[in-house]
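Notes follow the structure.
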Amino acid sequence: MPTENHNFAFANNPPIMTPPIDIPIELTTSSRLPEIDFSNLEFGKHTADHMLTVEYDNGVWQQPRIVPFGEIKLSPTSLVLHYAQTVFEGMKAFKMDDGKVSVFRMDKHYKRFLKSLERMCMPALPEDIFKEGIKALVKTDKAWIPNIEGGALYLRPFMIATEQRLGVKVSDKYLFMVVTSPVGPYYPKPLNMKIETEYVRAAEGGTGYAKCGGNYGASFLPTQLARQQGFDQVLWTDAKEHKYLDEAGTMNVMFVIDGVLTTPPLSTSILDGVTRDSILTLAPELGMTADERRITVEELESALSEGRVTEAFGAGTAAVVTPIQSISIRGNAYQLPEWNNDSFMVKVKNKLGDIRHGQEADAKGWNTVV
Ligand SMILES: Cc1ncc(COP(=O)(O)O)c(C=O)c1O
């Protein structure tokens, strides 16, 4: 198949729409809200009543709109279906104690979205469409934020290549959308992890740092195989030597080794997690020293066998922290100590929760009130 030339504005040269943008809202005439049982929510199963949608065509972003949630029309030759030009974000909106609604770390999510777009050769989305669009959408569907402890509205911004063509090429047309989903309190099940030393999630120079669909599709088989062996998830290692730890499937990984919060440094093969960044930022306030450095499987194994790893957990938007209870290294399973209310992971999770809900001052400006 021939590779065709393309011609459009790249992420580092964004076409900017002049603010303030006006976002027309078409409200639904039949809300699905009464059908939802907020006390029994499965992650991502239900979507709220509305969605944000905006098309990109001929180098220009078109009018953003909020419309009732519904199906979209896509040609079978839409480039995204064949060559996976698709990226997304995962973020949350919360109801604060004073009744206001806020979106957590919108700026960091926007910047990561831009990085993902650039890596996948997709045009930059203007900041005002992302931010004002999300604010307007969350405002429209604020009744969908579960009014229960730990409830949130999960936000899924995403962009896909929509040009109709079978030739391998960069798309000239895109669709950016935001859909949302009410989620309940997340009581994460402690994980049994396997260090992966056969399959690879991402290599340096690849797309590991981008939140693009292909990264996830490629991780399904190794994860499925690990599940068949009784593990919950795999812990990815570097692609060259399987020597250094990278991250987990949908979480960054953190350890407390010799009393120090230790996590692999950012690279082109791991995602720059917003939760990871928030935890590293808050650690000193909790009296914890943080160290971003390469961790070898060998080092982890000796530290585990010598009882020097007091905590291991995944960090991500869905659960904030997910405790790891065992790590299997080349067939040897190492157990982690039980966590309790004095564990760093519990304290930092509570602190983040307090900031998000306005129980603690938002000194870092992480909350955007809609
Ligand atoms: C591969 C991967 N790593 C890490 C994370 C954690 O990132 P964040 O804290 O921004 O949710 C995610 C979740 O989005 C992920 O998919």
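One-based numbering, in listed order, for ligands and for the atoms of each.
For H109, no nitrogen or oxygen atom sits less than 3.5 Å from a nitrogen or oxygen atom of ligand 1, counting backbone and side chain alike. The shortest N/O to N/O separation between E247 and ligand 1 falls below 3.5 Å. Taking any N or O of V274, backbone or side chain, at least one lies under 3.5 Å from an N or O belonging to ligand 1. Here's the thing with T275: one of its N/O atoms is less than 3.5 angstrom from an N/O atom of ligand 1. The shortest N or O to N or O distance between D272 and ligand 1 is not under 3.5 Å.
In this structure, R294 is positioned above the aromatic face of Y244, its NZ or CZ under 6.0 Å from the six-membered ring centre and within 45° of the axis.
Distances from ligand 1 to the non-hydrogen atoms of R201 include at least one value under 4.0 Å. The closest approach between a heavy atom of M91 and any atom of ligand 1 is not below 4.0 Å.
For the residue pair D291/T262, the side-chain donor-acceptor check at 3.5 Å is not satisfied. Side-chain contact annotation: T197 with H242, donor-acceptor N/O pair under 3.5 Å absent. Using modelled atom types and a 3.5 Å distance limit, the side chains of R112 and Y110 yield no donor-acceptor pair. Donor-acceptor pairing under 3.5 Å is lacking for the side chains of Q62 and D57. Side-chain N/O atoms of K169 and Y83 include no donor and acceptor closer than 3.5 Å.
Here the protein heavy atom with the shortest distance to atom 5 (C) of ligand 1 is T250 O, 3.4 Å. Given atom 16 (O) of ligand 1, the protein heavy atom at minimum distance is Y216 OH, 2.5 Å. Here the heavy atom of the protein found nearest to atom 14 (O) of ligand 1 is K211 NZ, 2.6 Å. Ranking the protein heavy atoms by distance from atom 1 (C) of ligand 1 puts G249 O, 3.2 Å first.
A salt bridge links E285 with K364; the closest basic N to acidic carboxylate O contact falls under 4.0 Å. With salt bridges taken as basic N to acidic carboxylate O contacts below 4.0 Å, one links K115 and D272.
Near G273, with a cut-off below 4.0 Å to any heavy atom, the atoms of ligand 1 are 7 (O), 8 (P), 9 (O), 10 (O). Atoms of ligand 1 found under 4.0 Å from any heavy atom of T317 (numbered from 1 in listed order, with element): 8 (P), 9 (O), 10 (O), 11 (O). Proximity to G316 (heavy-atom distance under 4.0 Å) selects the following atoms of ligand 1: 6 (C), 9 (O), 11 (O). Close contacts between ligand 1 and A315 involve ligand atoms 6 (C) [criterion: under 4.0 Å to a heavy atom]. Listed by number with element, the atoms of ligand 1 under 4.0 Å from a non-hydrogen atom of N252 are 4 (C), 6 (C). Under a 4.0 Å criterion applied to the non-hydrogen atoms of R112, ligand 1 contributes the atoms 7 (O), 8 (P), 10 (O).
Note: F130 and F113 meet the aromatic proximity criterion, with ring centroids under 6.0 Å apart.
Ring geometry for F94 against F104 counts as perpendicular: the plane angle is over 60°, on a 0 to 90° scale with 30° as the lower cut. Ring geometry for Y216 against F88 counts as tilted: the plane angle lies between 30° and 60°, on a 0 to 90° scale.
The proximity of A318 to ligand 1, defined as any non-hydrogen pair under 4.0 Å, does not occur for either the backbone or the side chain. At a heavy-atom distance under 4.0 Å, only backbone atoms of M251 (N, CA, C or O) approach ligand 1.
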field: side-chain hydrogen bond (donor to acceptor under 3.5 Å, both in side chains) between D49 and T28, worked out
entry: CA-CA 7 Å; D49 279 331; T28 181; 5.1 Å; no
